[in-house]
K.L.:
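One structure is given below, represented as structure tokens, and several questions about it will come after.
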Amino acid sequence: MEKFDTLIIGGGAAGLMAAVKAASLGQNVAIAEKNYSVGEKLLLSGKGRCNFTNAESDMNVFISKYGDNGKFLYSAFSKFSPSDTVKFFRWIGVESVEERGKRIFPVSGGSQRVLDAFIMQCKKFNVKIMRNTEVKAFKVKNSRVDYIITDNNEYCADKYIIATGGKSHPKTGSTGDGYRFAEQCGHSITKLYPALVPVKTKETWVKLASGCNLRNVRLNVILNGKKIDERFGEMEFTNFGVSGAIVMDLSSHIPDWEGDLEFSLDLKPTLTNEILIDRIKREINKHSGRKKFSGLVRTLVPGDLVKLILELSDIPEDKPVEYISNDEIQEFAALLKDIRMGVNGLWSFNNAVVTRGGVNLKEVDPSTMKSKLCDNLYFAGEVLDLNGPSGGFNLQVCWSTGYIAGSVN
Ligand SMILES: Cc1cc2nc3c(=O)[nH]c(=O)nc-3n(C[C@H](O)[C@H](O)[C@H](O)COP(=O)(O)OP(=O)(O)OC[C@H]3O[C@@H](n4cnc5c(N)ncnc54)[C@H](O)[C@@H]3O)c2cc1C
């Protein structure tokens, strides 16, 4: 049976980082990757541009992005921080640039450039990349991984790192196998949900505005009739519900909100009700005798939203604006500030950017990524119960945990 110092299961962001780190320390390292090529999901990241970390410099703010589980990362980030990531990327030949929302991207070449740089490092340090090698099972003896079984062989190592990713975008190879391996080694897995994912609504009229992108809107979250959260930014209607940056961000919290959950969309968040009513009246005066209600709507909302607003409003679309009553103006203003949608669940893992849930963090040493239950087992990346918002936070988990898991402890 072929033996390695370190055997990494999964050649994604976390596995590649762990491999480069371990091999640079002189270890004999192999990656078992079930796909023909490594880093398939990495190539998709940031729409091919790879938003690989975030420039937020306040560590407490950075950590808060991961919710309650974020505190697990203090130790990892103190050993390999987001700014260490930027330095590391420079070292492997990837210069970076900061963009909106402190997102950090490669200056040029995007995800492919990042992947090529990691593959170069693997070559430089003689990492053996075993492509088309699907790990099927872990064999454990006396609280140690004894060997692993793949679809065509068996391998053993002094140290094993599970870096198989989560369940999101399974076409890239992340089909949740790592959870099964962790369980074979005695670990528990917290409940898994798709996260950073579009949301389904009860209302089917959303499809009237499908594809409509909205900027600078506010989405209020209403649980059992009470506002509990909000987001400001970009949103999009889909055939089955809503998507876009603010929806994706909220989606990660939806499993926590049990009860009657609604979204209330405010199309005019910078205007008070009174100012909006004045604005509508001004438009009516301007177009009196010349416009119908549908024309008035067109002056107030983006073109591809008009159909939906006309559907939701009780005012007939061909009503001349001068006949619109004060009550109708108030109702129309109220609609623009509160379009209600009942939340009807999340889209599937196929559409999710990350997985919420994973290997129980209580069973992993935060300063080494070593299993507390199995002597020679480590974890890195999305397989752990860690997930953050978009903005480079999820890849940062992979770099830090991968680097630490690959270090010699
Ligand atoms: C469309 C999209 C865009 C994204 N954009 C960003 C972004 O811009 N910034 C950001 O921070 N995050 C982004 N993310 C999230 C980020 O890409 C992931 O969090 C990250 O890639 C996870 O890395 P990983 O190494 O843990 O797992 P993965 O990248 O999923 O890698 C796991 C690897 O393990 C292999 N594997 C699985 N099971 C087995 C097995 N049984 N045997 C052998 N190999 C196996 C898989 O084939 C895969 O190659 C994005 C995600 C998606 C889907």
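What's counted below: heavy atoms across the whole structure, side chains too, no hydrogens, waters or symmetry copies. Here the structure is a predicted model, which means the values were calculated and not measured.
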K.L.:
State whether F105 and R49 meet the cation-pi test: NZ (Lys) or CZ (Arg) under 6.0 Å from the six-membered ring centroid, and within 45° of the perpendicular axis.
P.N.:
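Output yes; distance and angle both within limits.
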
K.L.:
Under a 4.0 Å N-O cut-off, is there an ion pair linking R113 with D116?
P.N.:
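No, no charged N to carboxylate O under 4.0 Å.
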
K.L.:
Considering only NZ, NE, NH1 and NH2 on the basic side and carboxylate oxygens on the acidic side, decide whether R131 and E33 come within less than 4.0 Å.
P.N.:
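Salt bridge absent between R131 and E33.
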
K.L.:
How about K202: does its NZ atom have over 12 heavy atoms from other parts shown lying under 6.0 Å from it?
P.N.:
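Buried by this count: over 12 neighbours within 6.0 Å.
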
K.L.:
When you check the gap from the basic side-chain N to the acidic O, do K139 and D146 get nearer than 4.0 Å?
P.N.:
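Here K139 does not pair with D146 in a salt bridge, since their nearest N and O are not under 4.0 Å apart.
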
K.L.:
If you look only at distance, which donor and acceptor atoms sit under 3.5 Å apart when one is on a side chain in residues 304-318 and the other is two or more places apart or in another chain?
P.N.:
unit_1 : atom_1 : unit_2 : atom_2 : d
S313   : OG     : I315   : N      : 3.1

K.L.:
Can a side-chain donor-acceptor contact be found between S264 and D338 if the only test is distance below 3.5 angstrom?
P.N.:
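S264 and D338 do have a side-chain donor-acceptor pair below 3.5 Å.
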
K.L.:
Between K286 and E283, is there a salt bridge with N-O shorter than 4.0 Å?
P.N.:
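Salt bridge: yes.
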
K.L.:
Ignoring hydrogens and geometry beyond distance, is a side-chain donor-acceptor pair present between N35 and S37 at under 3.5 Å?
P.N.:
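Judged by distance alone, the side chains do not pair up.
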
K.L.:
Tell me if the aromatic rings of Y147 and F138 count as close, with their centers under 6.0 Å from one another.
P.N.:
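Judged by ring-centre distance (under 6.0 Å), Y147 and F138 do not meet the cut-off.
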
K.L.:
Are any of the side-chain nitrogens in K167 or E382 under 4.0 Å away from the carboxylate oxygens of its partner?
P.N.:
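No, no charged N to carboxylate O under 4.0 Å.
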
K.L.:
Between K128 and E2 (salt bridge meaning N to carboxylate O under 4.0 Å), is one present in this structure?
P.N.:
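Yes, this pair counts.
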
K.L.:
How far apart are the C-alpha atoms of F72 and Y66, what are their side-chain angles, what is the distance that settles it, and do they pass the ring pair (Phe, Tyr, Trp, His ring centres under 6.0 Å) test?
P.N.:
CA-CA 10 Å; F72 177 86; Y66 304 94; over 10 Å; no

K.L.:
Would you please indicate if the ring centroids of Y179 and H187 are separated by under 6.0 Å?
P.N.:
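Y179 vs H187: aromatic centres not under 6.0 Å.
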
K.L.:
Looking at K34 and D177, is there a salt bridge between them, counting it only when a charged N and a carboxylate O are closer than 4.0 Å?
P.N.:
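Looking at K34 together with D177, the answer is yes, because their closest N to O distance falls below 4.0 Å.
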
K.L.:
Between D365 and K370, is there a salt bridge with N-O shorter than 4.0 Å?
P.N.:
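Not counted as a salt bridge, because no side-chain N and carboxylate O are separated by less than 4.0 Å.
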
K.L.:
Can you tell me if NZ on K372 sees more than 12 non-hydrogen neighbours from other groups inside 6.0 Å?
P.N.:
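Enclosed: over 12 neighbouring heavy atoms sit under 6.0 Å from NZ of K372.
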
K.L.:
Any carboxylate oxygen within less than 4.0 angstrom of a Lys/Arg side-chain nitrogen, looking at D385 and R356?
P.N.:
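No, D385 and R356 are not salt-bridged.
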
K.L.:
Measure from NZ or CZ of K159 to the centre of the six-membered ring of Y378, then state whether that distance is under 6.0 Å and the direction lies within 45° of the axis.
P.N.:
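Verdict for Y378: a cation-pi partner in K159.
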
K.L.:
For F118 together with W399, are the ring centres under 6.0 Å from each other?
P.N.:
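Ring-ring flag for W399/F118: true, centres closer than 6.0 Å.
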
K.L.:
Quick test of your reading of the model: are R103 and E98 salt-bridged, counting only N-O distances below 4.0 Å?
P.N.:
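Judged by the 4.0 Å cut-off on N to carboxylate O distance, R103 and E98 do not form a salt bridge.
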
K.L.:
What pairs of donor and acceptor atoms, side-chain ones from residues 52-62 against any protein atom, are under 3.5 angstrom apart with sequence neighbours left out?
P.N.:
unit_1 : atom_1 : unit_2 : atom_2 : d
T53    : OG1    : Q396   : OE1    : 2.7
N54    : OD1    : E56    : N      : 2.9
N54    : ND2    : G101   : O      : 3.1
N54    : ND2    : K102   : O      : 3.4
N54    : ND2    : G391   : O      : 2.9
E56    : OE1    : K102   : NZ     : 3.1
E56    : OE2    : D58    : N      : 3.0
D58    : OD1    : N60    : N      : 2.9
D58    : OD1    : V61    : N      : 3.3
N60    : OD1    : Y74    : OH     : 2.7

